[in-house]
Structures are given as structure tokens and as C-alpha cells.
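Okay, handing you the structure first.
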Amino acid sequence: MNFKVLYKDGAARRGVLETAHGQIDTPVFMPVGTQATVKTVSPDEVRDTGAQIILGNTYHLYLRPGHKLIQKAGGLHQFMNWDRSILTDSGGFQVFSLGPMRKITDEGVRFKSHLDGSFHMFTPEKVMEIEMALGADIAMCFDECAPYPAEYKEVVKAMERTTAWAKRCQESHQHPYQSLFGIIQGGVFPDLRRESARQIQDLDFPGYGIGGLSVGEPKPMMYEMLEVLEPLMDVNKPRYLMGVGSPDCLFEGVERGIDMFDCVLPTRIARNGTVFVPEGKLVIRNAEYAEDFRPIDENCQCYTCRNFGRGYIRHLLKANEVLGIRLTTIHNLHFLQTLMASIRQAIEVGRFCELKREFFKKYQP
RNA sequence: GGAGGGGUUCCCGAGUGGCCAAAGGGGGCAGACUGUAAAUCUGUUGUCGACGACUUCGAUGGUUCGAAUCCAUCUCCCUCCA
């Protein structure tokens, strides 16, 4: 994997990330395809929204259909017929979000499957075995994501474990083209963030995730953590803010030097009847759009906006027709991809701040 | 023509004397959603000058301190027999 920063505008960076499956222009937004699919849309449709790389998930794919099966299929790319880049998350976040169904020790995490209640053990070594079998272009280290709020001591523990596990991941990771990213933890404590950044970067990964943010803390707190990290991070490596993807947060992240983002937000809220527009979020399932036959966004070039009106989309959603959530999903993904493209373009010409100002003049988070 | 069963708030449906403006589900309306246990979850859903009042359980009349619940008549629907 190769990464190069082409332009800088303040702390904002415009770069190129090369993987075995192509070139990725950064800053980039990565749609989430947890179970080897971006929910409800086909790979062609995902590609047409402008996505250059998507996510898959170790935890889910290990439980079903099983990483060995995917390996037999020729790897995740072939299995799901996605020929651009893929990044797999390690399951660290599931350990966090599945809450009481797991037990964490220094060795790893013993957890109960949410599918059938069976017990499983994830260690850094096991997670590497799974991620290598999946064969994504980028694999994430197995980390421990501390919740918010959390006691200082608890966050220290998670941070130290994350470092120890990162070492073990690194030692057991070996793959012809897959890159392994480290993950920086440290909750909302500046000193722990600094310490984690130091520890993880000492291991020298080809890229770094910033984890444990956007887990319920106020946004300014997240931005503060990014500001703490920005000057400490290797300028030649991609920085990935994990789990962030609301339009306003994308701007704030890029402004603080982030190169990569992923988030379920656009696809999830799409399925729940909300779409992004330049003014903010529009709950298209609401009654006020029943007789509104304009596109979601008149200036949007996505398949949905070129072909359908709000009233029709609302009807599909109310009638529980799958096309409804497919159309809103396509629009939301396209919206974020277009937004990122405009951000990249603005950085190239040194107009990021203006673009951000213009954007927030309209956009109400 | 005879025998039986039934009409409940937008819909389906529980409720057989007070704890019932009436369970539950659907539908409607709204809110939430940030490394996906999510096409999920939460709230709300008679009216009003609303910590109270008023109207509502096919219609009308009655019994009772009190009726969606008991009685009478009417009306409509369903099933079976002729």
C-alpha cells in the first residue's frame, strides 16, 4: 500500500491511497457493508455513488458465513463481487457494542454470538487469521474501545490493552497485499490520547485508526481529541477517524487532518426514512412530503434524484416497499461522496475554509 | 319462515356492573439513529378554556348510587335449517 499527500490546506490534506484494488482519493468516506453487502444496494449501485472503498466486518463474517468459506470463495472481493478496495474492521467495536455478552481479558475477548448464543474467543491472533482470510486491502487491529462515559482508569486499561494487542496483531499478520492499521484509543482524555498515539505509532503501522470517538460524547469533545492528535501524527500515513460520517463531522474531521471516514449513518437513516439535503436532514417519510413531487434535492445527480420525486419515495417507504429504502440509501451515499469530492477539490485549490463556511451557511446539523 | 351468533374508539380485536377514554396488534403522526445484534427503536394517537371537564362502545328507552358490560324494543350483519 502506498499513501501520498498531494495538497495541504491548513491541516486538511488531499492525498492518494493506493491498494491492490485501485487508487483512493482522500479524504474519503467509506460506506459500511458489514455483512459483505452495503445493505439493500448492489455493488454496481455502490460504485455509481462514487464509493472507492467499503467496509466489511470481522465479527459478522466470522460468525456467518465464516471466514473460511469466504476464503474458499476466493476472498471477500470475489465473494461479494466488489472489485474496488475493502477495509475490514476487527470486531473491536462489536466487543464494545455487544456489551454484556462478552468478557474481556488480556488474552482476548470471550463472547456470545448474537445469532445462536454460542461462545467464541477472539484474540489478536485469531482476528488476524480471520482478516487475512477475508483478504481485504486494509485490516484493522483488534482493539478495545472504551465506552463513554468511562472512568479514567478504565480508559487507561483499554488503551494499554489496545497497544499490547496491536503488537500481537502485527506479529501475527502476514499477507501479500493487505495492510494492517493500528488504532489509537484513549477516550476523551488528552493525555491518554497522546500516550496512545505515541505507543501505537512506535509500532510503525502503514496507517492509523482513531477509535473510541463518536460513542456518545459531545461533538466538541471529539474535535478537541482530534486537535490533540493532529500535530502528533505521522504526516505520511493515512489517518482514519472510525465511525464518523455526519456531514458536519466530516468537515470538522477533514479540517483536523483526517483522511478516512466510515459510518453507518447514511445507510441506516436512509432505511429509517431520513435523507441528507444541503439544508440538513429531511425526514422524507413525514406527511408534509406526501404531495411534494420534486426530487429530494434538485441539484443532486444521483439515480434517485434524477428519476423520482419525494412523494413517490415517501409512498414506497410508507408501503414498506424495498425500492424506497434502496433509493434513499443510494441518495445518501451519493450525497456524502459528492460532499467528499467537493472537499477534495476545495483543498486542491486552497479553498477548504470557504467551502466549509458556505456549507454551514445552509446546513443545520 | 325457524334456530343460533354478533355489532367496541381510523381498522382488527380484548373487555360481561365501579380499578375503562377502554388491553393488544395494525394503521396514522412525530422523534431518535455516527468502526450496523437496526428496513430498527421510542413517544404519541376521542374532544376541550387539559393536575380537571365533556362526548364515546349499532339506535332508543329502562334497571342501578354507578352501564361498553344487565333488561326491553328497534336496526344491521353472519351461520345453520327450511
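Every chain is numbered from 1, with letters handed out A, B, ... down the list of sequences. For clarity, every value in this text was computed on a predicted model and none was experimentally measured.
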Q | Cluster overlap A:Leu87 with A:Leu76, hydrophobic side-chain contacts below 4.5 Å | A |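 They do not share one cluster, since no chain of ILVMFWY contacts under 4.5 Å joins A:Leu87 to A:Leu76.
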**Q.** Reported CZ-to-CG distance for the pair A:Arg47 and A:Asp83, which is rounded to 0.5 angstrom
**A.**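 Rounded to the nearest 0.5 Å, the CZ-CG separation comes to 7.0 Å.
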Q | Same-atom distance (P) from B:U55 to B:A68, integer angstrom | A | 12 Å
Q.
Say we look at B:C41 and B:G26: how far apart would their P atoms be, to the nearest angstrom?
A. 10 Å
Q: In whole angstrom, give me the gap between the C1' atoms of B:U56 and B:G7.
A: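 Pairwise C1' distance, B:U56 against B:G7, rounds to 15 Å.
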(Q) Heavy atoms only, 4.0 Å cut-off, all strands: where does A:Arg102 land among base, sugar-phosphate and nothing? (A)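 It contacts nothing in the nucleic acid.
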**Q.** N-glycosidic conformation, B:A50 - syn within 90 degrees of 0, else anti
**A.**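 Because its glycosidic torsion lies within 90° of 0, B:A50 adopts the syn conformation.
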Q.
Can you check the distance between B:U79 and B:A14, where both ends of the measurement are the C1' atom (answer in whole Å)?
A.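 It comes out at 23 Å once rounded to the nearest Å.
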Q) Does B:C80 have a Watson-Crick or wobble partner in any strand here, with both distances under 3.5 angstrom, and which is it? A)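 Here B:C80 is engaged in a pair, and the nucleotide opposite it is B:G2.
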Q.
Regarding A:Gly212, tell me which of base, sugar-phosphate or nothing describes its non-hydrogen contacts under 4.0 Å with the strands shown.
A. base
Q.
Please name the nucleotide paired to B:C41 by Watson-Crick or G-U wobble geometry with both distances under 3.5 Å, or report none.
A.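 Pair assignment: B:C41 / B:G31.
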Q. Base, sugar-phosphate, or nothing: which does A:Leu55 touch, judged by heavy atoms less than 4.0 Å apart?
A. sugar-phosphate
(Q) Judged by each residue's nearest nucleotide on RNA chain B, which is more toward the 5′ side, A:Ala287 or A:Met140? (A) A:Ala287
Q.
Looking at A:Met132, is its backbone amide N or carbonyl O close enough to the side chain of A:Gln174 to form a donor-acceptor pair, meaning the two atoms are under 3.5 Å apart?
A.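 No: the side chain of A:Gln174 does not pair with the backbone of A:Met132.
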Q | Opening and closing nucleotides of RNA chain B in contact with chain A, under 4.0 Å to non-hydrogen atoms | A | B:G28 to B:U40
Q. Contact class for A:Ser113 vs. all strands (heavy atom < 4.0 Å): base, sugar-phosphate, or nothing?
A.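 Result for A:Ser113 = nothing.
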Q: For A:Gln185, answer base if it contacts any base atom (sugar-phosphate contacts may also be present), sugar-phosphate if it contacts only those atoms, and nothing otherwise; contact means non-hydrogen atoms under 4.0 Å.
A: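 If one applies the 4.0 Å heavy-atom cut-off, A:Gln185 turns out to touch a base.
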Q: Determine the contact category for A:Arg285: base if any of its heavy atoms lies under 4.0 Å from a base atom, sugar-phosphate if only primed atoms, P, OP1 or OP2 are that close, otherwise nothing.
A: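 Base, at least one base atom sits under 4.0 Å.
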Q | Sugar-phosphate, base or nothing in reach of A:Lys318, heavy atoms under 4.0 Å | A |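 The answer is sugar-phosphate, as A:Lys318 gets under 4.0 Å only of primed atoms, P, OP1 or OP2.
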**Q.** Rounded distance (nearest 0.5 Å) linking atom CD of A:Glu255 with atom SG of A:Cys353
**A.** 5.5 Å
Q. Just checking A:Lys112: base, sugar-phosphate only, or nothing, at a heavy-atom cut-off of under 4.0 Å?
A.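 Result for A:Lys112 = nothing.
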Q | A:Asn307: partners by side-chain contact (heavy atoms from CB on, under 4.5 Å), with sequence neighbours left out | A |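 side-chain contact (heavy atoms from CB on, under 4.5 Å) list for A:Asn307, sorted by chain: A:Tyr303.
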Q) Contact class for A:Asp262 (heavy atom, under 4.0 Å): base, sugar-phosphate, or nothing? A) sugar-phosphate
(Q) Taking the C1' atom in each of B:C20 and B:U40, what is the distance between them to the nearest angstrom? (A)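 That atom pair is separated by 33 Å.
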Q) NA contact type, A:Asn57, heavy-atom cut-off 4.0 Å: base, sugar-phosphate, or nothing? A) sugar-phosphate
Q | Nearest non-hydrogen partners of A:Cys305 and A:His331, listed with the distance | A | SG-ND1, 3.4 Å
Q.
Pairing check on B:G24: which nucleotide meets the Watson-Crick or G-U wobble criteria with it, both distances under 3.5 Å?
A. B:C12
Q) What integer number of Å spans the P atoms of B:A30 and B:U75? A)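 That atom pair is separated by 45 Å.
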**Q.** B:G46: pairing nucleotide in any strand, Watson-Crick or G-U under 3.5 angstrom
**A.** B:C54
Q: Write down the atom of A:Val155, the atom of A:Ala150, and the distance for their closest heavy-atom approach.
A: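 Shortest heavy-atom contact: CG2-CB, 3.7 Å.
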Q) At their closest point, which heavy atom of A:Val215 faces which heavy atom of A:Ala146, and how far apart are they? A) CG2-O, 4.3 Å
**Q.** From A:Ile269, A:Thr304, A:Ile313, residue fulfilling side chain to side chain contact (heavy atoms under 4.5 Å, CB included) relative to A:Thr328
**A.**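 Result for side chain to side chain contact (heavy atoms under 4.5 Å, CB included) with A:Thr328: A:Ile313.
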Q) Contact class for A:Val215 (heavy atom, under 4.0 Å): base, sugar-phosphate, or nothing? A)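 No contact.
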Q: Using the P atom on both, measure B:U8 against B:C77 and round to a whole Å.
A: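 Those two atoms are separated by 14 Å.
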Q: Using Watson-Crick or G-U wobble geometry with both distances below 3.5 Å, tell me the partner of B:G17, or none.
A: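 B:G17 is paired with nothing.
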Q | Residue closer to the 5' end of RNA chain B, A:Thr40 versus A:Val283 (nearest nucleotide) | A | A:Val283
Q) B:G24 and B:A72: how far apart are their P atoms, nearest whole angstrom? A)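 Nearest-Å result for B:G24 against B:A72 at atom P: 34 Å.
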(Q) Does the structure show a Watson-Crick or G-U wobble partner for B:A59, both distances under 3.5 Å? Name it, or say none. (A) B:U73
